[in-house]
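Notes follow the structure.
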Amino acid sequence: MTQTDQDRVMIFDTTLRDGEQSPGATMTHGEKLEIAGLLDDMGVDIIEAGFPIASEGDFAAVTEIAKSAKNATICGLSRANFKDIDRCWQAVKHAKSPRIHTFIGTSPLHRAIPNLTQDEMAERIHDCVTHARNLCDNVQWSSMDATRTEWDFLKRTVDIAIKAGATTINIPDTVGYTEPAESADLIKRLIAEVENADTVIFSTHCHNDLGMATANSLAAVNGGARQIECTINGLGERAGNTALEEVVMALRVRHDIMPFDTRIDTTKIMNISRRVATVSGFPVQFNKAIVGKNAFAHESGIHQDGMLKNRETFEVMRPEDVGLSGTSLPLGKHSGRAALRDKLEKLGFEMGDNELKDIFVRFKALADRKKEVFDEDLIALIRDEETNTAHDRLQLKSLRVICGTDGPQEAQLTMTIDGTEHQVTATGDGPVDATFNAVKELFPHTARLQLYQVHAVTEGTDAQATVSVRMEEAGKIVTGQSADTDTVVASARAYINALNRLLVRREKGKPDEDIKTVTYKDAG
């Protein structure tokens with residue numbers, strides 16, 4: 001294509017018609033009006049609001065959308081019969097810019113359903129398009145299953161539809177059968193060989209059965225199509241349709257080889273994507289292009305380091321372009337020190353190299369147990385690090401618990417006390433009670449447990465649990481806290497942390513007492 005071909009590609013959104021045909025994706029009347037409003041506001045050229053003959057609800061929705069649309073052309077779908085076309089016109093006629101879209105299956109498989117010969121079908125196409133054009137100046141005709149229709153017959157039907165008054169000719173890949181080179185060639189040949197082809201807009205409607213819908217749509221544009229039919233999130237029959245967000249962003253990013261413009265406000269893409277996912281009940285897969293949760297997320301340490309230095313190293317578009325606030329660098333087991341330092345700084349923690357090294361070791365250990373490490377997890381790690389230093393007299397070495405319906409529960413504990421390892425096995429009423437009993441056997445004390453509290457830092461079964469412990473001895477109150485994906489381990493560390501603080505309080509309260517004379521019980 002040359003610069004003189006830099007005309008606009010029309011975006012025809014059929015989320016409310018083809019998208020809603022996805023099993024289970026039915027939307028309420030109010031939801032349809034809401035989505036139509038969002039599409040109109042985003043700059044969609046044509047909104048296919050529904051199939052008016054299908055039901056009273058669909059007719060009412062198309063009618064209301066036609067009345068409320070501010071900018072977009074409002075289109076209704078109809079089969080190739082006068083009754084459908086009349087009902088469609090009754091619904092869309094209220095729009096500032098109405099369109100009737102009528103279709104018929106032209107491939108041998110689809111001709112066999114109504115048992116029509118080629119001549120009979122040709123006559124029906126002529127009559128229906130003529131009837132629609134007598135009602136509305138804007139008529140679209142579709143050759144359903146065009147990519148599996150014999151070339152001579154497809155060419156003939158397109159010629160008939162144009163002469164009957166169609167203003168847009170849609171060439172659907174109804175079952176996702178074609179591939180990009182074929183898609184482009186088909187449009188090129190029709191434009192080149194059909195009389196008066198230059199007087200209409202050629203459209204492409206591609207399904208994603210073989211995963212090539214977006215590629216086929218873009219190829220058709222390079223072949224001469226100037227309308228792309230698509231849906232938000234690629235919603236639609238079977239494997240879905242060409243996704244609006246994909247073709248729009250592809251046209252923007254690859255403007256060097258596809259110099260065509262749309263009037264879509266791309267900053268509104270993410271908002272409508274999430275809303276359609278909610279009302280349709282079809283969540284967006286995490287790795288979906290453009291709108292998936294991971295589309296602008298980088299976990300690999302190499303990728304994160306590159307992104308921190310220059311975002312263009314691993315992103316071909318800006319997340320802000322589709323309405324996101326920025327790139328996400330989720331922390332996981334593949335993340336490196338650069339991403340960890342960057343995240344900690346954003347959370348307000350300035351750390352030296354040695355501190356970062358210590359936290360990084362603990363972060364990696366946590367990441368091996370969790371799919372993703374969240375901000376709250378890091379904060380819990382840092383607080384745990386601050387309250388469990390290498391200088392503590394009591395330190396947890398290892399813990400193994402046996403629990404279940406058959407009691408008593410048992411804890412096998414190894415703890416370092418003043419640099420010496422001690423072991424013990426204790427029982428209790430539950431794994432936490434057994435663990436606390438084991439600690440008390442190795443380090444006898446008179447402190448009373450006042451509070452034991454557990455809460456999940458993040459969601460999911462792999463969430464870190466933060467355990468808080470409050471203890472009192474002779475009027476001295478101390479607290480301990482720890483976080484771990486294992487609640488019992490977090491409990492043990494919080495309990496030991498509180499005891500370490502108690503030792504500090506003892507030392508401060510009685511400076512002349514040598515607290516190292518405390519005796520320990522080793523049951524190992």
Can a side-chain donor-acceptor contact be found between [Y] and [X] if the only test is distance below 3.5 angstrom?
X: Asp261; Y: His255; result: yes
X: Glu246; Y: Thr214; result: yes
X: Thr242; Y: Ser217; result: yes

Does any part of the side chain of [Y], heavy atoms only, come nearer than 4.5 Å to the side chain of [X], both counted from C-beta?
X: Lys288; Y: Lys293; result: no
X: Met249; Y: Asp321; result: yes
X: Asp173; Y: Ser183; result: no
X: Ile228; Y: Met10; result: no
X: Leu190; Y: Ile171; result: yes
X: Trp141; Y: Val158; result: yes
X: Ser78; Y: Arg87; result: no
X: Leu116; Y: Arg124; result: yes

Mark yes or no for whether [X], through its side chain, and [Y], through its backbone, hold a donor-acceptor pair below 3.5 Å.
X: Arg17; Y: Gly50; answer: no
X: Glu64; Y: Ala61; answer: no
X: Glu150; Y: Asp152; answer: no
X: Glu120; Y: Thr117; answer: yes
X: Asp484; Y: Asp486; answer: yes
X: Thr231; Y: Thr15; answer: no
X: Asn81; Y: Asp84; answer: yes
X: Glu182; Y: Asp185; answer: no
X: Thr266; Y: Val322; answer: no

Can you tell me how far the [atom1] atom of [X] sits from the [atom2] atom of [Y], to the nearest 0.5 Å?
X: Ile169; Y: Ile201; atom1: CD1; atom2: CD1; answer: 11.0 Å
X: Glu245; Y: Ile264; atom1: CD; atom2: CD1; answer: 11.0 Å
X: Thr102; Y: Leu77; atom1: OG1; atom2: CG; answer: 7.5 Å
X: Cys230; Y: Asp13; atom1: SG; atom2: CG; answer: 5.5 Å
X: Ser107; Y: His110; atom1: OG; atom2: NE2; answer: 4.5 Å
X: Ile257; Y: Asn222; atom1: CD1; atom2: CG; answer: 6.5 Å

| request: Decide side chain to side chain contact (heavy atoms under 4.5 Å, CB included) for Val92 and Cys136; before the verdict, give the C-alpha distance in whole Å, the side-chain angles of both, and the deciding distance to 0.1 Å. | output: CA-CA 10 Å; Val92 302; Cys136 182; 5.7 Å; no

| query | Between Arg341 and Phe360, does a side chain to side chain contact (heavy atoms under 4.5 Å, CB included) hold up when you go through it step by step? | reply | CA-CA 9 Å; Arg341 183 189 291 277; Phe360 185 70; over 6 Å; no

| For Arg156, the option from Thr106, Thr149, Asp119 that meets side-chain hydrogen bond (donor to acceptor under 3.5 Å, both in side chains) | Asp119

| query | Considering residues at least two apart in sequence or located in another chain, which fulfil the salt bridge (Lys or Arg N to Asp or Glu O under 4.0 Å) criterion with Glu237? | reply | none

| task | Please assess Arg99 against Glu48 for the test salt bridge (charged side-chain N to carboxylate O under 4.0 Å, His left out), listing each intermediate value before the final yes or no. | result | CA-CA 9 Å; Arg99 175 183 291 190; Glu48 188 165 53; over 6 Å; no

Report, one line per pair, each donor and acceptor closer than 3.5 Å where one atom sits in a side chain of residues 30-47; sequence neighbours left out.
residue, atom, partner, partner atom, Å
Glu31, OE1, Thr28, N, 2.9
Glu31, OE1, Thr28, OG1, 3.3
Lys32, NZ, Glu20, OE1, 3.4
Lys32, NZ, Glu20, OE2, 3.4
Lys32, NZ, Asp58, OD1, 2.8
Glu34, OE1, Arg275, NE, 3.2
Glu34, OE1, Arg275, NH2, 3.1
Glu34, OE2, Arg275, NE, 2.6
Asp40, OD1, Asn71, N, 3.2
Asp40, OD1, Ala72, N, 2.9
Asp40, OD2, Lys70, N, 2.6
Asp40, OD2, Asn71, N, 3.3
Asp41, OD1, Lys268, NZ, 3.4
Asp41, OD2, Lys268, NZ, 2.7
Asp45, OD1, Arg8, NH1, 2.4
Asp45, OD1, Arg263, NE, 2.8
Asp45, OD2, Arg8, NH1, 3.4
Asp45, OD2, Ile11, N, 2.8

| Step-by-step salt bridge (charged side-chain N to carboxylate O under 4.0 Å, His left out) determination, Asp353 to Lys357 | CA-CA 6 Å; Asp353 291 342; Lys357 181 179 179 181; over 6 Å; no

| task | Apply side chain to side chain donor-acceptor pair (under 3.5 Å) to the pair Gln118 and Glu123, showing each step before the final yes or no. | result | CA-CA 9 Å; Gln118 289 188 2; Glu123 183 178 359; over 6 Å; no

| query | Would Arg111 count as a cation-pi partner of Phe153, with NZ or CZ less than 6.0 Å from the six-membered ring centre and within 45° of the ring normal? | reply | yes

| query | In this structure, are over 12 heavy atoms from other groups packed under 6.0 Å from Arg148 atom CZ? | reply | yes

| Atom of Phe282, atom of Ser22 and distance for their closest heavy-atom approach | CZ-CB, 3.8 Å

| What pair of heavy atoms forms the shortest contact from Ser143 to Leu154, and how long is it? | OG-CD1, 3.4 Å

| task | Show your reasoning for whether side chain to side chain donor-acceptor pair (under 3.5 Å) applies to Asp18 and His205. | result | CA-CA 11 Å; Asp18 198 330; His205 179 123; 3.1 Å; yes

| request: Please test Ile74 against Ser97 for side chain to side chain contact (heavy atoms under 4.5 Å, CB included), starting from the C-alpha separation and ending with a verdict. | output: CA-CA 6 Å; Ile74 303 303; Ser97 174; over 6 Å; no

| message | What verdict does the side chain to side chain donor-acceptor pair (under 3.5 Å) test give for Ser203 and Gln227, after you've listed the backbone C-alpha separation in whole Å, the side-chain angles of each residue and the deciding distance to 0.1 Å? | response | CA-CA 4 Å; Ser203 176; Gln227 176 177 289; 2.9 Å; yes

| task | Start with the C-alpha gap between Tyr177 and Asp209, add the side-chain angles, then the distance that decides, and say whether side chain to side chain contact (heavy atoms under 4.5 Å, CB included) holds. | result | CA-CA 7 Å; Tyr177 172 76; Asp209 297 73; over 6 Å; no

| message | Is there a side chain to side chain donor-acceptor pair (under 3.5 Å) between His101 and Ser142? Walk through the geometry before answering. | response | CA-CA 8 Å; His101 178 194; Ser142 288; 2.5 Å; yes

| Would you call Asp159 and Lys163 a salt bridge, using N to O less than 4.0 angstrom? | yes

